[in-house]
**Student:** 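My questions will all concern the structure given below.
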Amino acid sequence: MVRVVGKDHLIIVRFLRNYLRFLAAVQLLPALEGGEETLVGGQAVLEGVMMRSPHAWAIACRKPSGEVVTMSEPLQRPSEKHKWMAWPIVRGVMTLGYAMNLGYRALRFSANVAIEDVMQSENHVETAATAVAPAQSAAESAKSQNREKAVTLSGWLAAVNIVISLAFFIFMYKYIPLLAATELKRIDPALGGRIIFNLVDGAIRLSLFLLFISGVSLWKDIRRVYEYHGAEHKTVFAFENGDPLTTASVQKYPTFHPRCGTSFLMTVMLISIGFYMLVPFTTFWARFASRIVLLPVIAGVSYEIIRFAAKHRGSLFALMTAPGLWLQRITTKPPSDEQAQCAIVALDHAMLLEKERGGELVIA
């Protein structure tokens, strides 16, 4: 009885750890995701990498046993279905929403792999204690049950986490900075001018963001996510330069990439300061509402800047993305060869499916 309780406690602890990793990774999702619908891009997930081409995506996750679990699916580009989605500014909002949806699905898959691994270890113990059915059928039955449980768990985890994520984002990056700037204005009325107020508000928002991404990097599990993020960037660089997708050729590239979601987020935060200066509202709640309403416009403009800068790296707009490249020193870390191999496997699977669908890639 004591051994059963101890085993159940261990499973609960591992489950909670996986959930917390998943929760933290979702908050980092915009910083981990990169690329656009006409280019090869990707995202780090829990113990793996998701790679995306215009018409396909694939995920490769490594279990503690060393086994690499993969999944690939075809994609249809939104702009091919609705031409208006390819309009400037609009395409940024649509592509961001599309990428976030894929990224969230990829994170759920990686979380399911981790959950399934926990449940497999539980079933191995039970099977060893009671050998009733043949070994092969028992293993297949356990695997099937694990996947069913993992899907069920991911469903309610997804619902809970969407609520938590939205609340966290609005509270952390909209409410707190505006409230702090408003309180500072009461202490010193000189901070009440439209320009200085929004500079203070933007500085607080940026500081909170930097504290969050640097703080979670101290957590070993999230640091590994940052390492897989570096593996994704290296692999995309190798592909864009026409190098063979081998561990040796991938590892020679840097972990910093101009189309990274970290650069996008930094650009959004800098651009938003200028946008908020144009808003004439002076009351707290009017300002708060305007910050939420303007989010799609700011995201669309930032997307266009990142897109242009990726294709014209010597331009003035490219300088605006430089802070994002610096920030990638936090959100990307040098990967191991095994982590790089995961990224290569994911891209290979995505490219195989892309070729089957007759897709044509456009390299920035």
**Student:** Let me see the working for D243 and V250 under side chain to side chain contact (heavy atoms under 4.5 Å, CB included), right down to the final yes or no.
**Tutor:** CA-CA 8 Å; D243 284 357; V250 163; over 6 Å; no
**Student:** Of V113, I222, V225, which meets side chain to side chain contact (heavy atoms under 4.5 Å, CB included) against L46?
**Tutor:**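 Option passing the side chain to side chain contact (heavy atoms under 4.5 Å, CB included) with L46: V225.
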**Student:** Assess whether atom CZ of R194 is packed by more than 12 heavy atoms of other residues, nucleotides or ligands within 6.0 Å.
**Tutor:**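 More than 12 heavy atoms, drawn from other residues, nucleotides or ligands, come within 6.0 Å of this atom.
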**Student:** My understanding is that only residues two or more places apart in sequence, or in another chain, count here; which of them pass ring-ring contact (aromatic ring centres under 6.0 Å, His included) with F281?
**Tutor:**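 Counting only residues at least two positions away or on another chain, F281 forms no ring-ring contact (aromatic ring centres under 6.0 Å, His included).
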**Student:** Between CG of L245 and CZ of F239, what distance do you get to the nearest 0.5 Å?
**Tutor:**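 Separation between the atoms: 7.5 Å.
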**Student:** Could you check whether any side-chain N or O of H229 sits under 3.5 Å from a backbone N or O of A44, counting only pairs where one atom can act as donor and the other as acceptor?
**Tutor:**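 No.
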**Student:** In terms of hydrophobic clustering (I, L, V, M, F, W, Y; side-chain heavy atoms under 4.5 Å; direct or indirect links), are V345 and L347 co-clustered?
**Tutor:**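 As far as the 4.5 Å side-chain criterion goes, L347 and V345 are not connected within one cluster.
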**Student:** Quick one: pull up CD1 in I344 and CE in M351 and give me the separation to the nearest 0.5 Å.
**Tutor:**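 Output value for this atom pair is 14.0 Å.
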**Student:** Can you find a pair of side-chain heavy atoms, one from V216 and one from Y226, that are under 4.5 Å apart?
**Tutor:**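 SC-SC contact between V216 and Y226 confirmed.
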**Student:** Is it the case that more than 12 heavy atoms not belonging to F171 sit under 6.0 Å from its CZ atom?
**Tutor:**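 Not buried by this count: 12 neighbours or fewer within 6.0 Å.
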**Student:** Shortest non-hydrogen contact from A60 to V68?
**Tutor:**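 Heavy atoms only, the tightest pair is CB-CG1, 3.9 Å.
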**Student:** Roughly how far apart are D221 CG and R223 CZ, rounded to 0.5 Å?
**Tutor:**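 Answer for the CG-CZ pair, D221 versus R223, is 12.5 Å.
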**Student:** Indicate the atoms forming the closest heavy-atom contact of A340 with P335, along with that distance.
**Tutor:**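 Closest approach of A340 to P335, heavy atoms only: N-CB, 4.4 Å.
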**Student:** If you look at every heavy atom in F284 and T182, which pair is closest and at what distance?
**Tutor:**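 Between these two residues, the closest heavy atoms are CD1-OG1, 3.6 Å.
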**Student:** Per the side-chain hydrogen bond (donor to acceptor under 3.5 Å, both in side chains) rule, which among H233, E47, K333 passes with Y228?
**Tutor:**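 That would be E47; it is the only one of H233, E47, K333 passing the side-chain hydrogen bond (donor to acceptor under 3.5 Å, both in side chains) with Y228.
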**Student:** State, with a plain yes or no, whether a side-chain heavy atom of L199 is found less than 4.5 Å away from one of I273.
**Tutor:**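 Side-chain contact under 4.5 Å: yes.
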**Student:** Just verifying a value: how many Å separate R291 CZ and N198 CG, rounded to the nearest 0.5 Å?
**Tutor:**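 Reported to 0.5 Å precision, the distance equals 5.0 Å.
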**Student:** Assess whether atom CD of E73 is packed by more than 12 heavy atoms of other residues, nucleotides or ligands within 6.0 Å.
**Tutor:**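 Check passes, neighbour count above 12.
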**Student:** How about L295 and S272: do any of their side-chain heavy atoms sit closer than 4.5 Å?
**Tutor:**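 With C-beta onward as the side chain, the pair stays apart.
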**Student:** For the residue pair F197 and L178, establish whether any side-chain heavy-atom pair is separated by less than 4.5 Å.
**Tutor:**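 SC-SC contact between F197 and L178 confirmed.
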**Student:** Please report the closest heavy-atom contact between S53 and A350, naming both atoms and the distance.
**Tutor:**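 Answer, listing the atom of S53 first, then A350: OG-O, 3.8 Å.
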**Student:** Quick one: does S249's side chain have a donor or acceptor within less than 3.5 Å of a partner on P244's backbone?
**Tutor:**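 Yes; at least one donor-acceptor contact below 3.5 Å.
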**Student:** Check whether any side-chain heavy atom of L206 sits under 4.5 Å from a side-chain heavy atom of M266, and report yes or no.
**Tutor:**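 L206 vs M266: side chains touch.
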**Student:** Can you tell me if CG on L218 sees more than 12 non-hydrogen neighbours from other groups inside 6.0 Å?
**Tutor:**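 Check passes, neighbour count above 12.
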**Student:** What pair of heavy atoms forms the shortest contact from F237 to F256, and how long is it?
**Tutor:**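 Result for this residue pair: CE1-O, 2.8 Å.
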**Student:** Does R287 make a cation-pi contact with Y276, if we ask for NZ or CZ under 6.0 Å from the ring centre and within 45° of the axis?
**Tutor:**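 No, R287 does not lie over the aromatic ring of Y276.
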**Student:** Is any side-chain heavy atom of L184 closer than 4.5 Å to a side-chain heavy atom of D188?
**Tutor:**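 No; the side chains remain at least 4.5 Å from each other.
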**Student:** Indicate if W219 and L208 have the same hydrophobic cluster label, given that clusters are the connected sets of ILVMFWY residues with side-chain heavy-atom separations under 4.5 angstrom.
**Tutor:**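 Looking at the clustering, L208 is in the same group as W219.
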**Student:** Working to the nearest 0.5 Å, report the span between CG of L191 and NZ of K185.
**Tutor:**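 One gets 10.0 Å once the value is rounded to the nearest 0.5 Å.
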**Student:** S110 and C61: which non-hydrogen atoms are nearest, and at how many Å?
**Tutor:**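 It is CB-SG, 3.6 Å.
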**Student:** State, with a plain yes or no, whether a side-chain heavy atom of R224 is found less than 4.5 Å away from one of E227.
**Tutor:**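 Contact flag for R224/E227 side chains = yes.
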**Student:** Report the C-alpha distance between W57 and R105 in whole Å, list the side-chain angles of each, state the deciding distance to 0.1 Å, and finish with yes or no for side chain to side chain contact (heavy atoms under 4.5 Å, CB included).
**Tutor:** CA-CA 11 Å; W57 70 313; R105 288 173 62 191; 3.5 Å; yes
**Student:** Listed by chain and number, what are the side-chain contact (heavy atoms from CB on, under 4.5 Å) partners of A343, not counting sequence neighbours?
**Tutor:**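 Expected list: V49, M51, A231, T235.
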**Student:** Between F275 and V297, is any pair of side-chain heavy atoms under 4.5 Å apart?
**Tutor:**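 When only atoms from C-beta onward are counted, V297 and F275 do touch, with a gap below 4.5 Å.
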**Student:** About how many Å separate CD1 of I271 and CD1 of I298, when rounded to the nearest 0.5 Å?
**Tutor:**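 Rounded to the nearest 0.5 Å, the CD1-CD1 separation comes out at 8.5 Å.
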**Student:** Please report whether the ring centroid of F212 lies less than 6.0 Å from that of Y173.
**Tutor:**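 Not under 6.0 Å, so no.
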**Student:** Can you label the angle between the F288 ring and the W285 ring as parallel, tilted or perpendicular, going by 30° and 60°?
**Tutor:**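 Correct class here is perpendicular.
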**Student:** Are V200 and L211 connected into the same hydrophobic cluster when the rule is that any two of I, L, V, M, F, W, Y join if their side-chain heavy atoms are below 4.5 Å apart?
**Tutor:**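 No: no chain of side-chain contacts under 4.5 Å links L211 to V200.
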**Student:** Looking only at atom types and distance, does a side-chain atom of Q251 sit under 3.5 Å from a main-chain N or O of K234, one as donor and one as acceptor?
**Tutor:**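 No, the answer is negative, given that no donor and acceptor are paired below the 3.5 Å cut-off.
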**Student:** Do any pairs count as a side chain to side chain donor-acceptor pair (under 3.5 Å) and have a residue in residues 340-349, sequence neighbours left out, and if so which ones?
**Tutor:**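 Found T247-Q341.
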**Student:** Under a 4.5 Å side-chain heavy-atom rule over Ile, Leu, Val, Met, Phe, Trp and Tyr, are F169 and F209 clustered together?
**Tutor:**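 Same cluster: F169 reaches F209 through Ile, Leu, Val, Met, Phe, Trp or Tyr contacts under 4.5 Å.
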